[in-house]
Structure formats: C-alpha cells, structure tokens
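Right, one structure below, let's go through it.
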Amino acid sequence: MNKLDSLRHRRASRTVSVSADYTVLLNDGAILVDASGGTRTATLPNAASAIHLQFVVKKIDSSANVVTVDTSGGNIDGSASASLSNQWDA
C-alpha cells in the first residue's frame, strides 16, 4: 500500500466492546460484539459521512445468536447487511 492509499483508507484506533445493539461511531475502529444474551445489531454510519473509513465488527461469543451488521445507507459487499454467526466471525 502506498502512502496515498494509507491516507484514503483509515481505521480509527478506538476499540469498543458491546453486548447490546450498537450504532457505530465515526471514531470506532473495532467493535467486539457479545451476543450471548440474544441477537445483536451493529449499525454502521452513513456511507457518505464515513468515506474512506474502515470498521471491523467481530462476534466474540460462542452462542448460536447472530450479530447483524447493518448499514445506514450503503452496502456491505453488495448487500444492505451482513450476518456473523460463528465466534470470531468479522
């Protein structure tokens, strides 16, 4: 990755651990989601306000509960949402 690419794609250094539905903030980098108490949703910021930002959402528990990563206008690999079913899925 050249210097220009590293400026275009940045990830905040803030790591957040959550066990409830969560709206991702622009300064979040990694969101560690514990879904052991039920299904959870992490909602990403609007794509227009988060241009060139990268977020990592990871399911950290081994339960059968799903973590849904949702968008506020935009796509995740062509879909409006993504599902994390297994522990350590990201």
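Model, not experiment: these values are computed from the prediction.
- The side-chain heavy atoms of Leu32 and Thr15, taken from C-beta on, include a pair separated by under 4.5 Å.
- Counting heavy atoms from C-beta on, the side chains of Tyr22 and Val16 come closer than 4.5 Å.
- The CG atom of Leu53 sits 11.5 Å away from the CG atom of Leu25 when rounded to the nearest 0.5 Å.
- Residues Ala42 and Val57 approach most closely at CB-CG1, 4.0 Å, considering heavy atoms.
- Side-chain atoms of Ser63 and Asp61 include a donor-acceptor pair closer than 3.5 Å.
- Side-chain atoms of Asp28 and Arg14, non-hydrogen and from C-beta on, do get closer than 4.5 Å to each other.
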Throw together a table of side-chain donor-acceptor distances under 3.5 angstrom for residues 81-90, partners on residues two or more places apart or in other chains.
residue : atom : partner : partner atom : Å
Gln87   : NE2  : Ile60   : O            : 2.9
Asp89   : OD2  : Ser85   : N            : 3.2
Asp89   : OD2  : Asn86   : N            : 2.9

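- Remark: the backbone N or O of Pro45 is not paired with any side-chain donor or acceptor of Ser72 at under 3.5 angstrom.
- Heavy-atom minimum distance, Val67 versus Ala35: CG2-CB, 3.8 Å.
- Residue Val66 is not grouped with residue Val56 when hydrophobic side chains (ILVMFWY) are merged at heavy-atom distances under 4.5 angstrom, including chains of intermediate members.
- One finds the CG atom of Asn75 at 11.0 Å from the CG atom of Leu44 (value rounded to the nearest 0.5 Å).
- The side-chain hydrogen bond (donor to acceptor under 3.5 Å, both in side chains) contacts involving residues 35-49 comprise Asp34-Ser36, where partners must be two or more places apart or lie in separate chains.
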